[in-house]
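These notes are about the structure you will find just below.
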Amino acid sequence: MHNMSKIIIGNWKMNPESLEEARVIFNNNLQMIKGVRNVDVVICPPFPFLSIANNSKIKNISLGAQNVFEKPNGAYTGKVSLKMLLSMGVKYIILGHSESRLLGETNKVINKKILSTLKAKITPILCVGESSRDDNGFYLAFIKHQLIECLSSVPKTQIKNIIIAYEPIWAIGAKSSHRATKEEFVEIQIFIKKVISDIYSLKIASITKIIYGGSVHPLNAKGFIEAGADGLLIGRDSLIPKKFGNIIKLIR
Ligand code: PGA
């Protein structure tokens, strides 16, 4: 049966500044979600803080990473491999985040990472999204291109194991006047399903999980879920346990 649980992913980015602070935030998040059902929570701390989840006894909370390197091992100073992440208990990896793309990550590299992440039985969270919208709909072609290139050679049997996050770059870290609306999300959700349907099939498109990310906060979170999002990717507010907990309680 299709899993109806919503997924809430906290992307801590390059925060907080110390292991001690990371522990406090993680433990407070745990307190906030105790007893919550029908929501799968994923916390994606920076690599050095992945150990904070050790011994966590709460079932619906998993560990995610913010990226991975595409090679299995060897002379790659500063890089982190899939096997390392697996050994830390990582179950999800954010791939193709706009902030990583900005630093040079291409669709081709993201595609390689998706293929190897799936092989390792870790769930890739593929981020797509335009930097701005235009009246001619070029942003739709841009998103389609991202999807086609990033999903190249991914077999249809694996699409159910991927989460696609629509993250409009203009709405990430945005002030309230620039936040995306649930209607703007729905438009892209339908569009992504259409692209998946064209590449694979209508059936595959219907079970593809599409979540929303970009300035999600307690006041707008529920709207995206009611509009049909399978979950949310949360940056800033995932570092504030009270807000993160509120979002989770609101949408369950
Ligand atoms: P934000 O970040 O919630 O701070 O806008 C979201 C993201 O970049 O994943």
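Read the numbers this way: they start at 1 and go in the same order the structure lists the ligands and their atoms. What you are looking at is a predicted structure, and each value in this text was computed from that prediction instead of being measured.
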Q) Mind checking whether Gly213 has an N or O less than 3.5 Å away from an N or O of ligand 1? A) no

(Q) Does any N or O of ligand 1 fall below 3.5 Å from an N or O anywhere on Leu233, backbone included? (A) no

Would the distance check show the side chain of [X] and the main-chain N or O of [Y] forming a donor-acceptor pair, the cut-off being under 3.5 Å?
X      : Y      : result
Asp40  : Asn60  : no
Glu167 : Gly129 : no
Ser152 : Ile148 : no

For [X], counting its heavy atoms only, list the atoms of ligand 1 lying under 4.0 Å from any of them.
X      : answer
Gly173 : 1 (P), 5 (O)
Ser215 : 1 (P), 3 (O), 5 (O)
Gly214 : 5 (O)
Lys13  : 2 (O), 6 (C), 7 (C), 8 (O)

Compute whether any side-chain donor of one residue and acceptor of the other, for [X] and [Y], lie under 3.5 angstrom apart.
X      : Y      : result
Gln158 : Asn161 : yes
Glu130 : Tyr166 : yes
Ser18  : Arg23  : no

Q: Name the closest protein heavy atom to atom 3 (O) of ligand 1, giving the residue it belongs to and the distance to 0.1 Å.
A: Gly235 N, 2.9 Å

Q. Which one holds for Asn11 and ligand 1: side chain close, backbone close, both close, or neither close, with close meaning a heavy atom under 4.0 Å?
A. side chain

(Q) With a 4.0 Å cut-off on heavy atoms, is His217 in contact with ligand 1? (A) no

